[in-house]
2 protein chains.
Amino acid sequence: MPRMTPAERREAIIEAALRVMVGKGMAATTVRDVAHDMGTSSGLIHHYFESMDDLLAAAFDRAAGRDLDATRTTMTRGAGPVEQLSIFFATYVRAEQDWAFQLWLDAWAEAARRPAVRETSQRLNVAWQQLLAETIRAGVEHGVMACGDPEAAAWCILSLLDGLALQAVAHRLPLDRRVVITWSVAYAEAELSLPSGSLGCDARQ
Amino acid sequence: MPRMTPAERREAIIEAALRVMVGKGMAATTVRDVAHDMGTSSGLIHHYFESMDDLLAAAFDRAAGRDLDATRTTMTRGAGPVEQLSIFFATYVRAEQDWAFQLWLDAWAEAARRPAVRETSQRLNVAWQQLLAETIRAGVEHGVMACGDPEAAAWCILSLLDGLALQAVAHRLPLDRRVVITWSVAYAEAELSLPSGSLGCDARQ
DNA sequence: GGCGCTGTTGGACAAGCGCACAATAGCCTT
DNA sequence: AAGGCTATTGTGCGCTTGTCCAACAGCGCC
């Protein structure tokens with residue numbers, strides 16, 4: 001009933017969709033759920049989004065993009081590439097809450113059927129890899145890291161993180177978040193010829 | 001119309017479900033699709049499976065279990081742990097066809113909503129990790145590998161494989177199957193203190 | 001202050017879903 | 001050959017989904 005500007009309304013819809021997605025997963029999110037969360041009618045959503053695909057993609061873009069931006073800006077506070085990489089892992093612990101990774105999982109699976117979601121998750125995934133690759137490249141140029149192919153190293157570190165998080169989230173395995181980070185950090189240190197412990201972020205809350 | 005023994009019929013349903021799942025994804029597979037694929041009525045499926053959850057779980061169990069068994073038996077042909085590990089990677093290339101990994105992806109995502117699927121994917125995932133861990137343990141005992149914690153190493157190798165395959169399948173990235181294997185092999189060699197190239201499986205078709 | 005534009009409503013709609021159930025058809029036993 | 005058991009059928013119920021659309025309401029402009 002209360003009138004909003006188009007921009008505000010669009011924003012409100014995305015936030016509502018995000019809340020629902022976090023609560024019950026991307027695949028189970030329906031137009032009616034989102035409308036009910038906002039306290040408005042369901043028809044309103046289609047006034048701002050062409051299809052459910054677009055809405056889910058926009059909401060996922062918001063969530064994942066926010067995490068990416070937060071990590072990126074936090075990393076700039078690091079003095080050099082090694083500190084920045086250390087911050088990357090430390091932030092990753094916080095960024096990848098239980099629900100955040102479940103969202104990524106949903107997006108990957110849903111990508112097979114929903115073009116907009118596929119485009120979005122693809123774009124954001126590459127952005128994460130690029131963030132990592134740039135840091136590694138800087139480290140190599142500064143002579144504080146050694147790495148044959150920064151692109152490949154970035155893909156591998158990211159994949160190990162994702163793969164481990166997958167095990168931790170999809171099933172309840174003997175891997176909690178702390179272990180995921182510890183093992184990933186160890187791998188990154190070896191891959192980049194860093195002394196053991198130089199990326200050591202104590203994963204305390 | 002043709003009468004089958006209960007065991008045969010159950011088998012036929014699972015195989016049909018598998019075909020449909022491969023064709024259009026686990027989440028989009030319906031009772032009617034499976035029935036149509038078999039050329040029978042939809043009611044028949046519920047005569048053999050209590051719910052859709054059970055059917056999907058059984059079909060996934062079949063597909064993933066088959067791959068696991070094939071890999072396990074092929075590995076026994078290796079003379080020692082190192083050869084067996086090499087065979088593991090070589091077989092993984094073949095086992096993880098495009099559709100096979102998409103199935104794993106679907107299973108991980110569906111696990112949040114479907115108890116039977118969760119149980120199955122969890123069990124099979126651990127089985128894969130155990131296969132790897134046992135081989136590594138044998139290698140350590142034979143003194144041909146070095147590894148502080150075989151369990152952890154197995155989790156990491158498997159996670160890197162899965163993580164990389166994720167990137168390759170969910171989006172079409174600059175990672176094809178050959179690269180996935182090459183990078184995983186390199187990681188395994190480093191992690192297990194093996195000489196570079198000792199796991200070298202040429203990933204030719 | 002009336003008017004028109006547009007955000008907003010709420011329900012209709014067709015399609016599709018899992019599942020259940022009475023009726024049918026085929027095989028095995030006696 | 002008859003009877004009974006069960007695999008199999010086909011349909012239909014209840015529900016949910018995304019999308020659409022005619023009616024309504026509130027805001028800004030002449």
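Throughout, a chain's letter reflects where its sequence line sits, starting with A, and its residues are numbered from 1.
- A salt bridge is defined here as a Lys NZ or Arg NE, NH1 or NH2 lying under 4.0 Å from an Asp or Glu carboxylate O, and B/Arg123 with B/Glu119 meets this definition.
- For B/His47, no side-chain nitrogen or oxygen approaches OP1 or OP2 of D/dT8 to under 4.0 Å.
- In this structure A/Glu151 satisfies the salt bridge (charged side-chain N to carboxylate O under 4.0 Å, His left out) test together with A/Arg137, sequence neighbours excluded.
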Checking A/Gln102 against A/Asp106 for the side-chain hydrogen bond (donor to acceptor under 3.5 Å, both in side chains) test, could you report, in this order, the C-alpha distance in whole Å, the side-chain angles of both residues, the deciding distance, and whether it holds? CA-CA 6 Å; A/Gln102 179 68 48; A/Asp106 286 348; 3.2 Å; yes
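- Between A/Ser121 and A/Trp104, the closest heavy-atom pair is O-CZ3, 3.9 Å.
- Atom CZ of A/Phe49 is separated from atom P of C/dG7 by 14 Å (rounded to the nearest Å).
- One can place CD of A/Glu50 at 10 Å from P of D/dT19, the figure rounded to the nearest angstrom.
- With A/Ile157 as reference, A/Ile136 is the one residue of A/Ile136, A/Leu85, A/Val185, A/Asp162 to meet the side chain to side chain contact (heavy atoms under 4.5 Å, CB included) rule.
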Under-3.5 Å N/O pairs linking protein and nucleotides 16-18 of chain D:
residue : atom : partner : partner atom : Å
D/dG18  : OP2  : A/Val31 : N            : 3.1
D/dG18  : N7   : A/Arg32 : NH1          : 2.9
D/dG18  : O6   : A/Arg32 : NH2          : 2.8

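- If you measure from atom CE of B/Met38 to atom C1' of D/dA7, you get 12 Å, rounded to the nearest angstrom.
- Remark: B/Tyr48 is not in phosphate contact with D/dA7, judged by side-chain N or O atoms under 4.0 Å from OP1 or OP2.
- Taking atom CE of residue B/Met4 and atom C1' of nucleotide C/dC28, one finds them 19 Å apart after rounding to whole Å.
- One atom, CG of A/Asp54, and another, P of D/dT19, lie 9 Å apart when rounded to the nearest Å.
- No salt bridge links B/Glu83 with B/Arg77; every basic N to acidic carboxylate O contact stays at or beyond 4.0 Å.
- For the pair B/Leu44 CG and C/dC21 C1', the computed distance is 15 Å after rounding to whole Å.
- The distance between atom CD1 of A/Ile45 and atom P of C/dG10, rounded to the nearest whole Å, is 13 Å.
- Here the side chain of A/Pro6 is nearest to one of D/dA7, C/dG7, D/dT8, namely C/dG7.
- In this structure, the CD atom of B/Glu8 is 13 Å from the C1' atom of D/dA7, given to the nearest Å.
- Here the rule is side chain to side chain contact (heavy atoms under 4.5 Å, CB included) with A/Leu161, and of A/Trp128, A/Tyr187, A/Phe88 only A/Phe88 fits it.
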